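Have a look at the structure below, then the notes.
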Protein chains: 2
Amino acid sequence: MTMEIDVTIKLKQGVTDPEGENTKKALNLLGFRTVHGVKTMKTFRIEVESVDEEQTKIEVAEMCRKLLANPVIHDYELSVVKREG
Amino acid sequence: MTMEIDVTIKLKQGVTDPEGENTKKALNLLGFRTVHGVKTMKTFRIEVESVDEEQTKIEVAEMCRKLLANPVIHDYELSVVKREG
């Protein structure tokens with residue numbers, strides 16, 4: 001079957017997020033004064049051919065460790081968004 | 001009350017996603033041959049002071065149009081992740 005898995009890469013607690021901070025400032029300057037904070041995250045939606053769902057999740061976690069996330073600064077989360085076939 | 005709203009910015013259907021394509025290639029080269037496609041998305045988690053939830057959603061949609069998304073190439077989605085106070 002074909003699966004779609006969302007891998008969300010976010011900064012670990014305590015790591016500064018300059019993009020988020022600058023987005024907050026820009027929003028405040030544009031007049032959105034109720035915005036108190038902005039955090040940024042990145043999502044990879046991975047379409048993968050799967051025989052066994054658990055095995056596929058283990059593989060996708062390995063993709064995170066090998067390529068998608070930097071373990072020094074990032075946490076990652078997986079969520080299955082589609083199963084087909 | 002304080003609300004946290006996730007704004008997900010994704011490329012419109014038909015717009016090429018070079019980052020996603022290159023990520024797919026890299027994963028294949030690393031031995032993950034079951035990966036058929038990768039799409040990238042960006043999420044801004046916005047912490048905002050809210051009096052009226054519907055009004056706040058309208059404001060956040062305006063933030064997307066004014067700053068966060070490029071209407072030529074992006075679609076955006078809002079989802080409330082937290083309400084507090």
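Residue numbers start from 1 in every chain, and the chains themselves are labelled A, B, ... in the order their sequence lines are given, proteins ahead of strands. This is a predicted model, so every value here is computed, not measured.
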query: Is there a side-chain contact (heavy atoms from CB on, under 4.5 Å) between F44(A) and M41(B) once you walk through the steps?
result: CA-CA 6 Å; F44(A) 295 94; M41(B) 289 173 272; over 6 Å; no
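- Of the residues considered (R33(A), E62(A), K66(A)), E62(A) shows the highest number of contacts with chain B, using heavy-atom pairs under 4.5 Å.
- The most heavy-atom pairs under 4.5 Å with chain B, out of L68(A), V60(A), V48(A), T56(A), come from V48(A).
- For the options L27(A), L30(A), T43(A), T40(A), heavy-atom pairs under 4.5 Å to chain B are most numerous at T43(A).
- A69(B) approaches P71(B) most closely through the heavy-atom pair O-CD, 3.6 Å.
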- request: Would you check, one step at a time, whether the test side-chain contact (heavy atoms from CB on, under 4.5 Å) holds for M63(B) with I46(B)?
  value: CA-CA 10 Å; M63(B) 293 176 203; I46(B) 297 180; 4.1 Å; yes
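- Side chains of V81(A) and R45(A) form a contact here, defined as non-hydrogen atoms less than 4.5 Å apart.
- Ionic pairing of E53(B) and R83(B) is present here: one or more N-O contacts between side-chain nitrogen and carboxylate oxygen are shorter than 4.0 angstrom.
- Under the 4.5 Å side-chain contact rule for hydrophobic residues, M1(A) and L78(A) share a cluster.
- Between K57(A) and V80(A), some side-chain heavy-atom pair lies under the 4.5 Å cut-off.
- Contacts between residues 3-20 of chain A and chain B, defined by a heavy-atom separation under 4.5 Å, are made by D6(A), K10(A), E19(A).
- Listed by chain and number, the residues in a side chain to side chain donor-acceptor pair (under 3.5 Å) with N28(A) are K24(A) (sequence neighbours excluded).
- When heavy atoms are compared at a cutoff of 4.5 Å, F32(B) approaches chain A solely by way of its side chain, counted from C-beta outward.
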